[in-house]
Amino acid sequence: MLLQNEKTYKRKLISSEAVFIHSPGAIVGMVAKVLGYIDDDIFKYAVEKLSEIYPILKYKLTWDKDDEPYFEETKNYIPVIIVPRHTDKDFEKMITDQWERGFDLTNGPLCKFILLKSHDKSEIIFVAHHTITDGISATMITDFLLKIMDNPNAKIKPIEYEELPSIENLKKYIPKANLLESLTNKSISSFVNYSWKKNKVNIIKEDIKKAHKAYFDKISYIVSLDELSAEDTFSFINKCKKNNVTVNSALSSAFLACRREIDNEHISKKIVIPVDLRKYLGNCAKKSIGCYSTSIDINFTYEASKAFWENAKIFNKLSSDSLNNFGPIKKIQAFSMFSTNFLEASTLSQRVQGHEEVFKSFPYAKKLGTKSNNIASIAAKNTIKDASTFTITNLGVKSYEYNDFKLESLIIYPSSVSYPEMNITLSVLTINAKLILSYHMLTDKAKTNNCLNMLNNLKENIHKFIVNI
């Protein structure tokens, strides 16, 4: 939508974007380890050129008179940070610091690019708010940036943004709901929207950045990275194929097998697997960069009395059945019936209820806390109660080639949540024939060292497990 009087592009957020607005921790990062010299000016030029391909990288958030969120074009430049690279560990501190710093959503832009530079080896870091990108989008952005750096004279065709993903694009893939299910979904959504309109909580937009800071003054973002050798990766994938099990199912089963050994206190039967909707959206998905995903929830108990591959096959069937029934798209259909500002508030309510001491100074905290009966608070209570303690995202096999430098590896830093206690996110991709895994947690700063030790132990146990099964 082009506003003629303002001469700026503006469009409403869809539900799968809006849920991340008030979610501290809704940051996505990608680290590209690059071999070869990178010129500062070429890097800056590539970032600016990239913003022409994907204008949404320069957007900010605004709200209309009905408190509905919109993306709006800003003339601000995307922040570019270039600093010397001293050690192989520099990027870990840089990205976690930037992750916890967050974004000024009301002024934009909603991303930044960082170059940790040495003469023959560098890390390029892309950090963005989850409203504009997801993991797959981040790999696309990183690849485009490197291609422009590799060939600054490449012809760039800006992408139009008029077409957006919506439930209309997905309807032909959604199984016909029976009458009872259809009436139930409509009744619930109508009741929720009516209740929300009647008792809507006024969230002060200027508090978004303050709430993020308050949250990360208390919470640490911790990461533990792992990489399988090409030989071990080849062996593991072959074993998965031999047993007719996906890599996701094998990794999820390995997580459950190893998690119990180090932490019996926080065991959940539910694993969440994000699902990419781009294959259902066709060309429409090329019109923007995020967030075209939903998720499937797998309720599964690892049986120690059974062999590993037997457990993995059971998990594999559960996830396959869920995907084949298009449950994720049905979830998006139900999700889209709620107003976006209600989704904003219920997501913030989840954070408030998980950390009421952090948010108590904000005027809306009581209405979104555990003792409130506001509809957003009730929705949050049910979400927290039903939450998993493990999320796995697998971006698959990536193959990128450039002339002037080599992409050594890509590491994902996913959006995350901190409830229930000991929630762990595992992000996976395969590049240069190597399986790269990154384990992520949010935890209370007072527990940082203990939780990092636990995360490292879990990583080492899973590494040994998948190499030796």
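Atoms considered below: every heavy atom in the structure, side chains included; atoms not considered: hydrogens, waters and symmetry mates. One is the number of the first residue; the rest follow in order along the sequence. This is a predicted model, so every value here is computed, not measured.
Side-chain contact between Ile125 and Leu116 is present, with heavy atoms from C-beta onward closer than 4.5 Å. A 4.5 Å side-chain heavy-atom check between Ile412 and Thr393 finds every atom pair outside the cut-off. Looking only at side-chain heavy atoms (C-beta outward), Thr391 and Leu426 stay at 4.5 Å or farther from each other. Two residues are said to be in side-chain contact when any heavy atoms from C-beta on lie closer than 4.5 Å; Phe126 and Leu145 fail this criterion. A 4.5 Å side-chain heavy-atom check between Asn107 and Lys60 finds every atom pair outside the cut-off. A 4.5 Å side-chain heavy-atom check between Phe342 and Ile375 finds at least one atom pair inside the cut-off. Side-chain contact check for Thr430 versus Lys398: every heavy-atom pair is 4.5 Å or farther apart. Put simply, the side chain of Leu437 does not reach to within 4.5 Å of the side chain of Ser427, judged on heavy atoms.
Under the 3.5 Å distance criterion, the side-chain polar atoms of Ser189 are matched with a main-chain donor or acceptor of Lys186. Counting only distance, with no hydrogens or angles, the side chain of Glu52 and the backbone of Lys49 share no donor-acceptor pair below 3.5 Å. A donor-acceptor pair is defined here as one N or O able to donate and one able to accept, closer than 3.5 Å; no such pair exists between the side chain of Ser295 and the backbone of Pro274. Ser220 places no side-chain N or O within donor-acceptor distance of the main-chain N or O of Ile222, the cut-off being under 3.5 Å. Of the possible donor and acceptor atoms, one in the side chain of Asn341 sits under 3.5 Å from a partner among the backbone N and O of Asp67. A distance-only check finds a donor-acceptor pair linking the side chain of Thr347 to the backbone of Leu343 [under 3.5 Å]. Looking at Asn432, its side chain does come within 3.5 Å of a backbone N or O of Glu408 through a donor-acceptor pair. Asp66 places no side-chain N or O within 3.5 Å of a backbone atom of Glu68 that could act as its donor or acceptor partner. The main-chain N or O of Ile27 is found under 3.5 Å from a side-chain atom of Trp99 such that the two form a donor-acceptor pair. Asp150 contributes no side-chain N or O that, together with a main-chain N or O of Leu146, makes up a donor-acceptor pair within less than 3.5 Å.
Atom NZ of Lys445 has more than 12 neighbouring heavy atoms from other residues, nucleotides or ligands inside a 6.0 Å radius. The neighbour count for Lys209 NZ, taken as heavy atoms of other residues, nucleotides or ligands under 6.0 Å away, does not exceed 12.
The minimum heavy-atom distance between Ser229 and Lys434, with the atom names listed, is C-CG, 4.3 Å.
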- [ ] Check the pair Thr74, Asn76 against side-chain hydrogen bond (donor to acceptor under 3.5 Å, both in side chains), reporting the backbone distance first and the verdict last.
- [x] CA-CA 5 Å; Thr74 172; Asn76 295 337; 3.2 Å; yes
- [ ] Apply side-chain hydrogen bond (donor to acceptor under 3.5 Å, both in side chains) to the pair Thr96 and Glu100, showing each step before the final yes or no.
- [x] CA-CA 6 Å; Thr96 53; Glu100 295 185 6; 5.8 Å; no
Task: Pair Phe103-Lys112, side chain to side chain contact (heavy atoms under 4.5 Å, CB included): steps then yes or no - done: CA-CA 9 Å; Phe103 293 92; Lys112 63 186 73 173; 3.7 Å; yes
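Relative ring orientation between Phe255 and Phe390 is described as parallel, the plane-to-plane angle staying below 30° on a 0-90° scale split at 30° and 60°. In this structure, His212 and Phe216 have tilted ring planes: the angle between them lies in the 30° to 60° band.
Asp104 and Thr106 share a donor-acceptor pair across their side chains, judged by distance under 3.5 Å alone. Looking only at atom types and distance, the side chain of Tyr221 has a donor-acceptor partner in the side chain of His440 under 3.5 Å away. Ser346 and Gln350 share no side-chain donor-acceptor pair at under 3.5 Å. The closest side-chain donor-acceptor pair between Asp232 and Ser235, if any, does not fall under 3.5 angstrom. No donor-acceptor contact under 3.5 angstrom links the side chains of Glu72 and Trp63, judged on distance only. A donor-acceptor contact under 3.5 angstrom links the side chains of Ser249 and Thr246, judged on distance only.
Results of the side-chain contact (heavy atoms from CB on, under 4.5 Å) test with Met30 over Ile411, Ile95, Ile141, Leu410 single out Leu410 as the only residue that passes. When each of Val80, Val34, Val83, Ile82 is paired with Leu115, the side-chain contact (heavy atoms from CB on, under 4.5 Å) condition holds for Ile82 and for no other.
The pair Asp97-Arg101 does not meet the salt-bridge criterion, since no charged nitrogen lies less than 4.0 angstrom from a carboxylate oxygen. Ion pair Glu73/Lys58 not flagged as a salt bridge, since none of the NZ, NE, NH1 or NH2 atoms sits closer than 4.0 Å to an Asp/Glu carboxylate oxygen. Of the charged side-chain nitrogens involved, at least one lies within less than 4.0 Å of a carboxylate oxygen, so that Asp321 and Lys317 count as a salt-bridged pair.
Annotation: cation-pi geometry not satisfied between Lys121 and Tyr37 (NZ/CZ under 6.0 angstrom from ring centroid, within 45° of ring axis). Remark: Lys10 qualifies as a cation-pi partner of Tyr70 under the 6.0 Å distance and 45° angle criteria applied to the six-membered ring.
With rounding to the nearest 0.5 Å, the separation of OG in Ser224 from CD in Glu460 is 7.5 Å. In this structure, Leu442 CG and Ile424 CD1 are separated by 11.5 Å, a value rounded to the nearest 0.5 Å.
Applying the salt bridge (Lys or Arg N to Asp or Glu O under 4.0 Å) test to Asp143 and every residue at least two apart in sequence or in another chain returns Lys147.
Aromatic rings from Phe20 and His129 are positioned such that their centres are separated by 6.0 Å or more.
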